[in-house]
Number of protein chains: 4
Amino acid sequence: MINICREGVVKIKKELIRKAAIDVIAENGFFNAAVDRIAARAGVAVGTVYNYFEKKEDILDYIFQVEYEKRVSFLEDLKKRDTGPVEKIREIMNMHFSEMKKNPNLARVLLRERGFAEQDKMIHIKKFEELPAQIKDIIQEGVDKGFIRKCNPEILSVIIFGAVEALMTKFILENKNGEISDIFDVALEEMSNLLEKGLVQSPGES
Amino acid sequence: MINICREGVVKIKKELIRKAAIDVIAENGFFNAAVDRIAARAGVAVGTVYNYFEKKEDILDYIFQVEYEKRVSFLEDLKKRDTGPVEKIREIMNMHFSEMKKNPNLARVLLRERGFAEQDKMIHIKKFEELPAQIKDIIQEGVDKGFIRKCNPEILSVIIFGAVEALMTKFILENKNGEISDIFDVALEEMSNLLEKGLVQSPGES
Amino acid sequence: MINICREGVVKIKKELIRKAAIDVIAENGFFNAAVDRIAARAGVAVGTVYNYFEKKEDILDYIFQVEYEKRVSFLEDLKKRDTGPVEKIREIMNMHFSEMKKNPNLARVLLRERGFAEQDKMIHIKKFEELPAQIKDIIQEGVDKGFIRKCNPEILSVIIFGAVEALMTKFILENKNGEISDIFDVALEEMSNLLEKGLVQSPGES
Amino acid sequence: MINICREGVVKIKKELIRKAAIDVIAENGFFNAAVDRIAARAGVAVGTVYNYFEKKEDILDYIFQVEYEKRVSFLEDLKKRDTGPVEKIREIMNMHFSEMKKNPNLARVLLRERGFAEQDKMIHIKKFEELPAQIKDIIQEGVDKGFIRKCNPEILSVIIFGAVEALMTKFILENKNGEISDIFDVALEEMSNLLEKGLVQSPGES
DNA sequence: CATGAATGAGGATTCATTCAT
DNA sequence: CATGAATGAATCCTCATTCAT
């Protein structure tokens, strides 16, 4: 469908820039990603970038904003669903892994450039950092309903998110130029097992 | 005046610079940490920095090197000890958390600037990134001895390290200017529980 | 306001910088010619210089390029002309001397900064160094047509070029701040005589 | 013979530095020749260099001074000899060429770094530049005695010196890393011929 | 809105020179 | 005299940002 309205057109350019920025930043890191090069990659003039973003940092923040919103709406959908909490967490992991397979560069940026969360201007990076809190609710609900043992949901949400991101980081480092291994399936399984059984040998099991 | 020994003096200056760099990088991020400011903080001239480090990047790499060596010798000691694997992992977490309490700025740097591991020159950052592999051995040993259930030790080491680092990151973000909460004790407990029992309510438990 | 044409405008700025560079380099030598000062002399910002030249060295190379091309086209015209070889050489000298009177600073640069010909990047300085070879052809032709006695044209071209440049250097050193003496006419005459008669007293002449 | 006196010892160190400087400057040019590297090459500490030379430039000037004095005493000897002027000039050329074969690096420095003659501090470089004037006397004497035709001796001395240096420069550029070709013999012959016969075909010669 | 030349503050790095030992 | 660590001014170059067209 053709989107002719002004806003739609605007968004197309902004999208071009956002996507170019993801690639350039993934390749060079945010600081080494010159605005000129981002513009060039987007097939656009430098000045044009500054029609859509006030400062270079805003580009990065916008990248996080888009992903943040994607995740928020995903999590909202998820919460409504009727599955158990472990299954939900499994789906969250699944979502992250498959997003990463779709766009490894994006994952690279999301994982590497979070350092800016401390800066006050980067409101969406900061928000992104608060996403684990969303898992907290799922865990809390699981506890309330008796599916999950008593625990500190906030801490556990951090633990789970950290684990997921560490897995992604590992695979990024190992697959710099190649295809993402399907080791993700193994990772998924291991995480599920950890949550279900812990890591310790139960008495009476082989 | 007594000059302890040439090598000692050299190390003192290099130490001054290293410590100053940790603070300045923690506050501004590596890229915004001007060498001039690091030198000033160290009470030293710019040129002096370049007597000890060839390039700015080498300062960062050296920071990782020192910490890497600390951790390696810690892990070597740990392996020799006679405790069970879960207890060992607990000690690793404990070590990280207490290191962090001692020097939060250092933790900030270690957590935030790992992105450079992809650069070839940063050999110690790269090595640092491979530390989780050390946990792998502990897990493997646990499996072999029957203390830990069958699993993929490599993946699980990544999961555990990721969890620990996420916890540290969270507390850094929340305690930018303040004292580190003793929430670490809770975190420690929760991690231990996760490893021992998983997250799921066992049938027959309340 | 009428914008002659994009390319024209570009050339104007590049010309400004080139001319400023000639003066600053002539006064201080290439190494002591700070890019900032060249920019200031050109009435332009530092950054602008780097819009037209990738590196400082490229400015110097460009100065040689422009002069090289001037000389090549002059020599091509000259070859076509119907005059004898000695007359042609005389015209070459004349051209050099009058160019030098027009812009002594330029001559200063051309004579003093050739040392860079050894660097691989300075392709035009290297080419400039090969200009004497053009005289070689003229001499060779003279030999072929019987106007010039048997000799090694390559060596002689070097000798002639060297002589011309030494003369120019001498006058530059003697006329740092003043007008170029018209001693050039004498020099021209002496060179012509040398070529025609040698330096030795012929038997039977007074 | 062992030279134990203070001055002798001093000179040995100064000589070490001078020779090292010649090599380092020949390889990198004067500006890229760091005093550290000169000192290192001489097997001496930086500070030691400054015990013998006040400023870096003084090292270069000293190199020229030594060579200047060598040439002056050579020319004084030469003047006393009973040979004809052309033969004397031939010997001057011969001296330059063979000096150059002995130490190409030195020749490189002498030819490339004369640009500093304009600076007031470099008194010996300036003096070196005035050496051609010594040939002037030889020519003048030749004219007076009837061996050389009437001419402007000053101009001709410049011409001859320029020719010689151009030949040396050419061979340096062509023999950067290799042995100096024996083309010098040819050059010597051609110069002699030029001086004796000029370049023009005499009527009645083949 | 699009363009991209111009800007100049900022930062990494070098290196001549000093001076305490 | 010898040493070489320390100094910091000086310089090249980058790049975010502006603005006239």
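Computed from a prediction, not measured in an experiment: that's the story for all the values here. Note on naming: letters A, B, ... go to the chains in the order of the sequence lines (proteins, then strands), and numbering restarts at 1 for each one.
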Problem set entry | Whole angstrom value for the distance that separates C1' of dA2(F) from CD1 of I12(D) | 16 Å

For this session: Check the pair I123(C), K127(C) against side-chain contact (heavy atoms from CB on, under 4.5 Å), reporting the backbone distance first and the verdict last.
Result: CA-CA 6 Å; I123(C) 51 179; K127(C) 277 188 170 182; 5.7 Å; no

Exercise. Between K13(C) and dA5(E), is there a side-chain N or O to OP1/OP2 distance below 4.0 Å?
Worked result: no

Exercise. Dot-bracket, DNA chain E: Watson-Crick or G-U, under 3.5 angstrom, [ ] crossing, | other strand?
Worked result: .||||||||||||||||||||

Problem set entry | side-chain N/O Y52(D) vs dA2(F) OP1/OP2, d < 4.0 Å | yes

Problem set entry | Contact pattern, 5' to 3', of nucleotides 14-19 of chain F - B, S or - by protein heavy atom under 4.0 Å | BSSBB-

Exercise. Under 6.0 Å from the six-membered ring centre of F53(A) and within 45° of its axis: does the NZ or CZ of K14(A) meet both?
Worked result: yes

Seminar exercise, completed: From CD1 of I38(C) across to C1' of dC13(F) the rounded distance in Å is 13 Å

Problem set entry | Which nucleotide in dT3(E), dT7(E), dT3(F) has an atom nearest any side-chain atom of V44(D) | dT3(F)

For this session: Go through the structure and list residues passing side-chain contact (heavy atoms from CB on, under 4.5 Å) with R112(B), not counting sequence neighbours.
Result: E118(A), R108(B)

Under 3.5 Å donor-acceptor pairs involving side-chain atoms of residues 34-41 of chain B, not counting sequence neighbours:
from: R37(B); atom 1: NH1; to: N32(B); atom 2: O; distance (Å): 3.4
from: R41(B); atom 1: NH2; to: E27(B); atom 2: OE1; distance (Å): 2.9
from: R41(B); atom 1: NH2; to: E27(B); atom 2: OE2; distance (Å): 3.4

For this session: Please list, chain by chain and in numerical order, all residues satisfying side-chain hydrogen bond (donor to acceptor under 3.5 Å, both in side chains) with D58(A), sequence neighbours excluded.
Result: none

Exercise. With sequence neighbours left out, what residues match E69(A) under side-chain hydrogen bond (donor to acceptor under 3.5 Å, both in side chains)?
Worked result: Q65(A)

Problem set entry | Parallel, tilted or perpendicular: rings of F31(D) and F31(C) (30°, 60°) | parallel

Exercise. Has K13(D) got its NZ or CZ under 6.0 Å from the middle of the six-membered ring of Y52(D), at an angle within 45 degrees of the ring axis?
Worked result: no

